[in-house]
Amino acid sequence: MRSILELYYPSIINEIDSLMSYLNIQLKDFYIWLESLELKTTVKLNDQFIDEKIEEVINSRNMVNNPIEVSTTQIRQIYYQLK
C-alpha cells in the first residue's frame, strides 16, 4: 500500500494531503499505522508469478483509466516490496 501511495503521491498530492488532514494524521504516521497492520500476501510471489502478473496488470482496464502512466519497472518494484 505504501509503495502505491508513494507512486501516486506526486500526481494527487492535494487529494492525499486533504485525506491526511481529514484523518488528522501526518503521512509518515499513516505509513507507521499501515505497517502496524502487518498485512501479508497469501500468494507466493516468485519471479515467475511476478513476470506473469506484470503483463496482466499493464493490460488491465484499470491501467487504461489510470491518471498516471505506470511502467512495468514500477509495477515490478511494487511486487518485490510485497515479497
With no hydrogens and no angle check, just 3.5 Å: does a side-chain donor-acceptor pair link Tyr9 and Asp17?
yes
Correct closest heavy-atom pair for Glu69 and Gln74 would be O-OE1, 3.9 Å
Determine whether Asn66 and Tyr8 make a side-chain contact, defined as any pair of heavy atoms from C-beta on separated by less than 4.5 Å.
yes
Side chain to side chain, Leu5 and Tyr31, heavy atoms closer than 4.5 Å:
yes
Given Met63 and Ile75, is the side-chain contact (heavy atoms from CB on, under 4.5 Å) satisfied, shown in steps?
CA-CA 11 Å; Met63 293 303 285; Ile75 295 168; 4.2 Å; yes
Does one hydrophobic cluster hold both Leu27 and Trp33, with members joined at side-chain heavy-atom distances below 4.5 Å?
yes
Hey, are the side chains of Val70 and Ile68 touching, using non-hydrogen atoms and a 4.5 Å cut-off?
yes
Contact between Gln81 and Arg2 at the side-chain level, heavy atoms closer than 4.5 Å - yes or no?
no
Determine the sole option in Asn46, Asp51, Ile50 for which the side chain to side chain contact (heavy atoms under 4.5 Å, CB included) test with Gln48 is passed.
Asn46
Are more than 12 heavy atoms from other residues, nucleotides or ligands located less than 6.0 Å from atom CD of Glu6?
yes
CD1-OG1 distance between Ile58 and Thr72, expressed to the nearest 0.5 angstrom:
6.0 Å
Between Asp47 and Tyr79, do the side chains contain a donor N or O and an acceptor N or O under 3.5 Å apart?
no
